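Protein chains get the first letters and strands the later ones, always in sequence-line order, with residue 1 at the start of each. No experiment lies behind these values; they were computed from the predicted model shown.
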Amino acid sequence: MKFSATPKEQLEIVSTGAADVVSHDELLKKLEKSYETNTPLTIKLGADPSAPDIHLGHTVVLQKMRQFQSLGHQVVFLIGDFTGRIGDPTGKKKTRPALSEEEIRLNAETYKAQVGKILDLDKAKIVFNSEWLEKMTFADVLKLSAQYTVARMLERDDFEKRFKSQTPISVVEFMYPLMQGYDSVALHADVELGGQDQTFNLLVGRELQRAYGQAPQVTITMPILEGLDGKEKMSKSLGNYVGINDEPSQMYGKILSIPDELMIKYYELLTDLSVSELKAIKEEIPNRPKEVKMRLARQITAQYHGSEAANNAEAEFEKIFGKTGDGLPENIEEVELSAPAEGVTLQKLLTVTELASSGGEARRLLQQGGIKVNQIKETNGQKTYNSGDELIVQAGKRNFKKIILK
RNA sequence: GGAGAGAUGCCCGAGUGGCUAAAGGGGGCAGACUGUAAAUCUGUUGGCUUGCGCCUACGGUGGUUCGAAUCCACCUCUCUCCA
């Protein structure tokens with residue numbers, strides 16, 4: 001193993017864009033030692049197997065991981081299967097169901113396929129924490145628990161909030177940071193990466209490593225990426241996410257809909273532009289916001305689907321929404337239905353094709369002018385269609401269906 | 001173990017016997033405006049229904065009543081204080 005970049009150069013590369021590094025000094029020392037002894041550092045990143053679909057928010061940390069990888073370090077991708085198998089009792093309604101081994105296997109495979117778009121999996125190590133957590137005895141667990149106090153646990157932001165607002169916190173939840181920290185012990189991690197919201201957990205890892213006689217890991221946290229709404233953290237449950245498996249046209253459109261203020265952050269965290277390129281973009285934004293945003297959408301789409309697909313996505317977007325286009329997407333999902341002799345009402349068609357989730361929803365859309373049939377606004381839900389009719393129905397801005405009645 | 005408080009629609013939260021499918025806010029959806037952005041404004045937001053209307057819903061199960069989210073009993077869960 002030969003490192004092409006000096007420790008100082010490495011330090012600069014990996015700390016760029018990070019929200020926090022604990023600490024720079026320790027990191028530099030580790031990098032120096034690894035450089036001198038020609039030993040790659042072990043870089044840990046944990047993943048939760050309950051949500052196998054990766055979105056752009058997850059990629060922020062993965063990009064950082066890739067930097068370490070291309071600098072020649074050993075990245076370890078840890079899948080928290082043990083944790084997933086236990087489930088999370090927090091919140092009576094949101095109880096995370098315990099996953100079966102089969103589900104976890106499947107999720108892990110899905111994960112790998114997606115992570116592989118960013119990391120070089122041939123050079124990465126993939127581990128499951130059940131490997132060591134499962135074998136721990138109760139005595140081991142007690143020893144582990146003894147390393148941390150309740151008061152310190154309550155320092156964690158969300159615990160503190162919940163404690164103050166008198167919402168339940170189960171004891172198991174206190175175990176999560178400990179388990180995660182113990183993973184670092186088991187892996188002898190030199191560096192752990194995570195989102196900024198993971199800061200506490202990563203720091204627990206340092207404490208535990210010390211307690212178990214190891215040199216504490218350096219923690220690098222990345223800023224949290226806001227989702228499409230520009231307010232909340234990008235997450236699947238909030239629906240404000242861009243999945244890396246999203247269709248190119250979808251991905252392109254979604255990115256274009258982010259608030260302007262977010263553009264630069266997206267450039268910083270989701271693309272691989274240099275500091276000087278970023279600076280140029282920053283200056284361009286006030287003058288040509290639309291162009292800059294389009295370029296962003298194209299660039300990110302290209303990262304996951306190739307530049308050809310990105311260009312097509314842009315062309316299609318223009319076709320639908322641009323001034324020159326005809327307002328229709330390239331490919332519209334076709335639905336064939338057989339119509340009864342007396343015909344079908346438009347309202348019925350909307351619910352059957354799931355353009356509207358219920359009859360009430362369909363009525364509302366019609367009433368509010370959210371429905372177009374063959375590009376003409378239609379407010380009469382009672383209008384009937386018969387077999388032989390072909391119609392393109394649009395619900396809202398971007399839901400299209402081509403309905404063929406037989 | 002003892003004493004007290006509480007559980008309402010996607011979320012928060014009002015509502016203490018009929019006018020409550022349930023105030024208000026958030027979120028969502030749609031429209032206007034735009035650059036499919038943000039901000040703003042408007043409308044809408046349980047299900048079935050063109051409509052009349054019907055059904056389901058206020059932690060669970062029973063009960064009181066012509067009538068209950070609202071009263072009673074028991075149960076489940078959560079929080080607070082004391083031990």
*Report yes if some heavy atom in the side chain of Leu337(A) is under 4.5 Å from a heavy atom in the side chain of Val344(A); otherwise report no.*
no
*Any Ser358(A) side-chain nitrogen or oxygen under 4.0 Å from OP1 or OP2 of G47(B)*: yes
_Rounding to an integer number of angstrom, what distance separates C41(B) and A7(B) when you compare their P atoms?_
33 Å
*Find the distance Leu365(A):CG to G28(B):C1' and express it as a whole number of Å.*
12 Å
_From C-beta outward on Arg363(A), which listed nucleotide comes closest to its side chain: U44(B), U49(B), C79(B)?_
U49(B)
*asked:* On RNA chain B, does the nearest nucleotide to Lys377(A) precede the nearest nucleotide to Thr345(A) from the 5' side, or the other way round? Give the residue.
replied: Lys377(A)
*asked:* Does either side chain, that of Gln114(A) or that of His58(A), offer a donor lying less than 3.5 Å from an acceptor on the other one?
replied: no
_Using atom C1' in both nucleotides, what's the gap between U70(B) and U65(B) to the nearest angstrom?_
13 Å
_Could you tell me how far C75(B) sits from G26(B) if I compare only their P atoms? Round to whole Å._
41 Å
*Euclidean distance for P, U16(B) against U61(B) (whole angstrom)*: 24 Å
*asked:* Pairing donors with acceptors under 3.5 angstrom, does anything connect the side chains of Thr137(A) and Asp140(A)?
replied: yes
*Roughly how many Å is it from CZ in Arg162(A) to P in U80(B), rounded to a whole number?*
13 Å
_P spacing across the pair C74(B) / U20(B), given as an integer number of angstrom_ = 33 Å
*Taking the side chain of Lys397(A) as heavy atoms from C-beta outward, which of A37(B), U78(B), U50(B) is closest to it?*
A37(B)
*In whole angstroms, how far is the P atom of C12(B) from the NZ atom of Lys161(A)?*
16 Å
*Roughly, in whole Å, what's the span from CD in Gln347(A) to P in A30(B)?*
17 Å
*Partner of A39(B) by Watson-Crick or G-U wobble geometry, both contacts under 3.5 Å, or none?*
none
_What's the closest nucleotide to the side chain of Arg364(A) if the choices are G47(B), A39(B), U45(B)?_
U45(B)
*Are Lys64(A) and Gln67(A) close enough that a side-chain donor and a side-chain acceptor fall under 3.5 Å?*
yes
*Taking for each residue the nucleotide of RNA chain B bearing the nearest heavy atom, is the 5' side occupied by Gly396(A) or by Met263(A)?*
Gly396(A)
*Whole-angstrom distance between A68(B) and G13(B), as gauged at atom P*: 27 Å
*Give the rounded distance in Å between these two atoms: NZ of Lys290(A) and P of U34(B).*
13 Å
*For U65(B), the Watson-Crick or wobble partner whose two distances fall under 3.5 Å*: none
_Inter-nucleotide C1' distance (G47(B), U40(B)), Å rounded_ = 34 Å
*Rounded to whole angstroms, how far apart are CG on Asn240(A) and C1' on A37(B)?*
15 Å
*How close or far is atom P of U50(B) from atom CG of Leu366(A), stated in whole angstroms?*
12 Å
*Who is the Watson-Crick or G-U wobble partner of A7(B), with both distances under 3.5 Å?*
U76(B)
*Rounded off to whole Å, could you give me the CE-to-C1' distance for the Met294(A) and U34(B) pair?*
15 Å
*Before giving the answer on salt bridge (Lys or Arg N to Asp or Glu O under 4.0 Å), spell out for Glu109(A) and Lys112(A) the whole-Å C-alpha distance, their side-chain angles and the decisive distance to 0.1 Å.*
CA-CA 5 Å; Glu109(A) 285 309 312; Lys112(A) 274 199 240 170; 3.4 Å; yes
*Out of A38(B), U49(B), U44(B), which has the shortest distance to the side chain of Gln368(A)?*
U44(B)
*Is Lys231(A) touching bases, backbone alone, or none of the nucleic acid, heavy atoms closer than 4.0 Å?*
sugar-phosphate
*With both distances under 3.5 Å as the test, what is the Watson-Crick or G-U wobble partner of G1(B)?*
C82(B)
*asked:* Suppose you measure atom C1' in C54(B) against the same atom in A5(B); what distance do you get, rounded to whole Å?
replied: 39 Å
_With a 3.5 Å limit on both atom pairs, tell me what G27(B) is paired to, counting Watson-Crick and G-U wobble, or say none._
U45(B)
*Kindly confirm or rule out a cation-pi arrangement of Lys372(A) over Phe400(A), judged by NZ or CZ under 6.0 Å from the six-membered ring centre and within 45° of its axis?*
no
*asked:* Any donor-acceptor pair under 3.5 Å linking the side-chain atoms of Gln198(A) with those of Glu192(A)?
replied: no
_Which nucleotide in A30(B), C79(B), G35(B) has an atom nearest any side-chain atom of Pro168(A)_ = C79(B)
*Determine: side-chain N/O of Lys372(A) to OP1/OP2 of G31(B), distance under 4.0 Å, yes or no.*
no
_At 4.0 Å (heavy atoms only), tell me whether Gln367(A) reaches a base, stays on the sugar-phosphate, or touches nothing._
nothing
*asked:* Counting only Watson-Crick pairs (N1-N3 plus N6-O4 or O6-N4) and G-U wobbles (N1-O2, O6-N3), all under 3.5 Å, who is the partner of C52(B)?
replied: none
